[in-house]
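Structure, as structure tokens:
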Amino acid sequence: MLLENLAIGRSVEIFTNRDEYCYHLTSKIEETSPKRLYITLIATNTRVFEFRPGDKIRIVYRDKDQIWEWANVKAGIVKKYGVKMHYFDIVDGGRSFNRRNAYRVAIDEEVMLGYYDQYGTTAKSADMQKFKLSDEASAPPAMMVPNFVKGVVRDISATGVGVCSNYEFSIDDAMFFSISSGYGKLTAKARVVRKVETNPAKNKFSNYYGCVLLQTDNKLSKHIADIQREAIKAQRQKKEEEELDKALGKLEKGIISNKKLAGKKSGLHGVKGIKTAADVEQAKENKKKQPRPKVEGIVTMDEMQEKLEKKKKDNKAPQPQIEGIKTAGLK
């Protein structure tokens, strides 16, 4: 998709890899050009997000089930129409793919969900709130300490996570948590974008929250890939075991069926595609019993044997009596 075709005012996602973490940022498109994208300045609590030269940045634009992505972009801040904006210089053509292809793995891991109360509001934040110097004295000490509630991470992908908890979060509330992996504890920050009440009779937790990941450990993608490989391996093993069970079932069925037939030497007869040692021996015996094909001009052993037997019978026949001659043994 050409940058000029991106809808003004639509959201765009920015994924920034920095050191050990990946930051997931969201803003709105302000203006586009063939090689540059302008978005609303990314800032929270009067703090502007500063992109660094070493950051690895990619931009994601979503439209229904289709995703367009531009990688290796360069970012900065510019003043346009008297307003500060973040901009991104596009260095490649980008690519598109189906958002449903984003692999999500189920982990069902119980965690402690942490959050900070936003001073003066009911909102929850994944970051400690920053105060101006004039507000430091009036800020309650409790604001500097996070709260924790029980929850469970049902599933997770590189960009989103499903969390369950009895605690009442609201849309746009943020939280943080850690999950176990072969790389140690992986920390993540997430923002609620969807809330679903569950049946308490069937679920331990009453609320399911669909969240986007705001910040994750860079090793999270490796952890997800590891789980994916194990899942594929388990599926392959299960399929092989099912095929083996079917083959053994056919063998067992053949054995039982052939045991009922008199004169059968092996219970494996009748299993299509399988030859036993008894089958091979029987085939040899049948081959021996078959008459050898006659080839013109060649006398076979069977024919020679037949001629000898006939000659012996002829020799045993009584000799003809000649008048006037007595044969030996006659009185």
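At least one side-chain heavy atom of Val153 sits under 4.5 Å from a side-chain heavy atom of Phe177. The shortest side-chain heavy-atom distance between Phe88 and Ile14 falls under the 4.5 Å cut-off. Considering only heavy atoms from C-beta on, Leu41 comes within 4.5 Å of Val48 through its side chain. Side chains of Trp70 and Ile57 form no contact here, defined as non-hydrogen atoms less than 4.5 Å apart. Between Ile179 and Val111, the closest side-chain pair of non-hydrogen atoms falls below 4.5 Å. Val192 has its side chain out of reach of Asp172: every pair of non-hydrogen atoms, C-beta onward, lies at least 4.5 Å apart. Side-chain contact between Leu220 and Tyr183 is absent, with no heavy atoms from C-beta onward closer than 4.5 Å. With a 4.5 Å cut-off on side-chain heavy atoms, Ile29 and Leu37 count as touching.
Between His24 and Glu13, the side chains place a donor N or O and an acceptor N or O closer than 3.5 Å (distance only, hydrogens not considered). Counting only N and O atoms by type, the side chains of Asp217 and Thr187 include no donor and acceptor under 3.5 Å apart. With hydrogens and angles left out, the side-chain atoms of Ser180 and Lys185 include a donor and acceptor closer than 3.5 Å. Between the side chains of Asp117 and Asn147, at least one donor-acceptor pair of N or O atoms lies under 3.5 Å. There is a side-chain donor-acceptor pair under 3.5 Å between Asn17 and Asn218. For the residue pair Asn207/Glu197, the side-chain donor-acceptor check at 3.5 Å is not satisfied.
Counting only distance, with no hydrogens or angles, the side chain of Ser27 and the backbone of Ile42 share no donor-acceptor pair below 3.5 Å. Here the side chain of Ser165 pairs a donor or acceptor atom with the backbone of Lys150 at under 3.5 angstrom. Judged by distance alone, with hydrogens and angles left aside, the side-chain atoms of Arg10 form a donor-acceptor pair with the main-chain N or O of Arg62 at under 3.5 Å. One N or O on the side chain of Asn166 and one on the backbone of Ser206 form a donor-acceptor pair closer than 3.5 Å. Remark: side-chain polar atoms of Ser181 are paired, donor with acceptor, to backbone N or O of Gly184 under 3.5 angstrom.
Ile8 is connected to Ile59 through a chain of hydrophobic side-chain contacts under 4.5 Å among Ile, Leu, Val, Met, Phe, Trp and Tyr, so both are in one cluster.
With values rounded to the nearest 0.5 angstrom, Ile90 atom CD1 is found 10.5 Å from Asn72 atom CG. Between atom CD of residue Glu20 and atom CZ of residue Arg18 there is a gap of 13.5 Å, rounded to the nearest 0.5 Å. Rounded to the nearest 0.5 Å, atoms CG (Leu214) and OH (Tyr21) are 14.5 Å apart. The distance from the NZ atom of Lys124 to the OG atom of Ser170 is 8.0 Å, given to the nearest 0.5 Å. In this structure, CD on Gln215 lies 10.5 Å from OG1 on Thr16, to the nearest 0.5 angstrom. Here the straight-line distance linking atom CD of Glu242 with atom NZ of Lys239 works out to 9.0 Å at 0.5 Å rounding.
The minimum heavy-atom distance between Gln118 and Ser125, with the atom names listed, is NE2-CB, 3.3 Å. Taking both residues in full, the closest heavy atoms of Ser157 and Ile224 are given as C-CD1, 3.3 Å, listed atom of the first, atom of the second, then distance. Between Ser11 and Thr26, the shortest heavy-atom distance links the atoms CB-CG2, 4.3 Å. The heavy-atom pair separating Ala174 from Ala126 by the smallest distance is CB-N, 3.5 Å. Considering every non-hydrogen atom in both Leu113 and Gly151, the closest pair reads CD1-CA, 4.1 Å.
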| message | Run the side chain to side chain contact (heavy atoms under 4.5 Å, CB included) test on Leu6 and Val12 for me, step by step, so that the C-alpha distance in whole Å, both residues' side-chain angles and the decisive distance to 0.1 Å come before the verdict. | response | CA-CA 9 Å; Leu6 301 186; Val12 65; 5.9 Å; no

| field | Worked verdict on Lys204 versus Glu110 for salt bridge (charged side-chain N to carboxylate O under 4.0 Å, His left out) | value | CA-CA 11 Å; Lys204 182 178 179 180; Glu110 293 195 3; 2.9 Å; yes

| task | Dump the intermediate steps for side chain to side chain contact (heavy atoms under 4.5 Å, CB included) on Cys211 and Met175, then the final yes or no. | result | CA-CA 9 Å; Cys211 308; Met175 65 188 76; 4.2 Å; yes

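The salt bridge (Lys or Arg N to Asp or Glu O under 4.0 Å) analysis of residues 70-85, with sequence neighbours excluded, yields the pairs Glu31-Lys80.
Salt-bridge annotation for Asp55 and Arg52: absent, with no side-chain N of the basic residue lying under 4.0 Å from a carboxylate O of the acidic one. Between Asp173 and Arg191 no salt bridge is recorded (no basic side-chain N to carboxylate O distance below 4.0 Å). Taking 4.0 Å as the cut-off between side-chain N and carboxylate O, Arg58 and Glu69 count as a salt-bridged pair.
Summarising the hydrophobic clusters (Ile, Leu, Val, Met, Phe, Trp, Tyr; side-chain heavy atoms under 4.5 Å, direct or chained), the residues clustered with Phe205 are Val152. Other members of the hydrophobic cluster containing Val78, listed by chain and number, are Tyr38, Tyr81, Met85, Tyr87; membership follows side-chain contacts under 4.5 Å among ILVMFWY residues, whether direct or relayed.
Taking the centre and axis of the six-membered ring of Tyr208, the NZ or CZ atom of Arg154 falls outside the cone set by 45° and 6.0 Å.
Of the residues listed (His223, Arg229, Gln228), the one engaging Asp226 in a side chain to side chain donor-acceptor pair (under 3.5 Å) is Arg229, and it is the only one.
Taking the six-membered ring for Trp and the full ring otherwise, His86 and Phe51 have centroids separated by under 6.0 Å. Taking the six-membered ring for Trp and the full ring otherwise, Tyr167 and Tyr115 have centroids separated by under 6.0 Å.
The aromatic rings of Phe148 and Phe176 sit perpendicular, their planes meeting at an angle over 60°, well past the 30° parallel limit.
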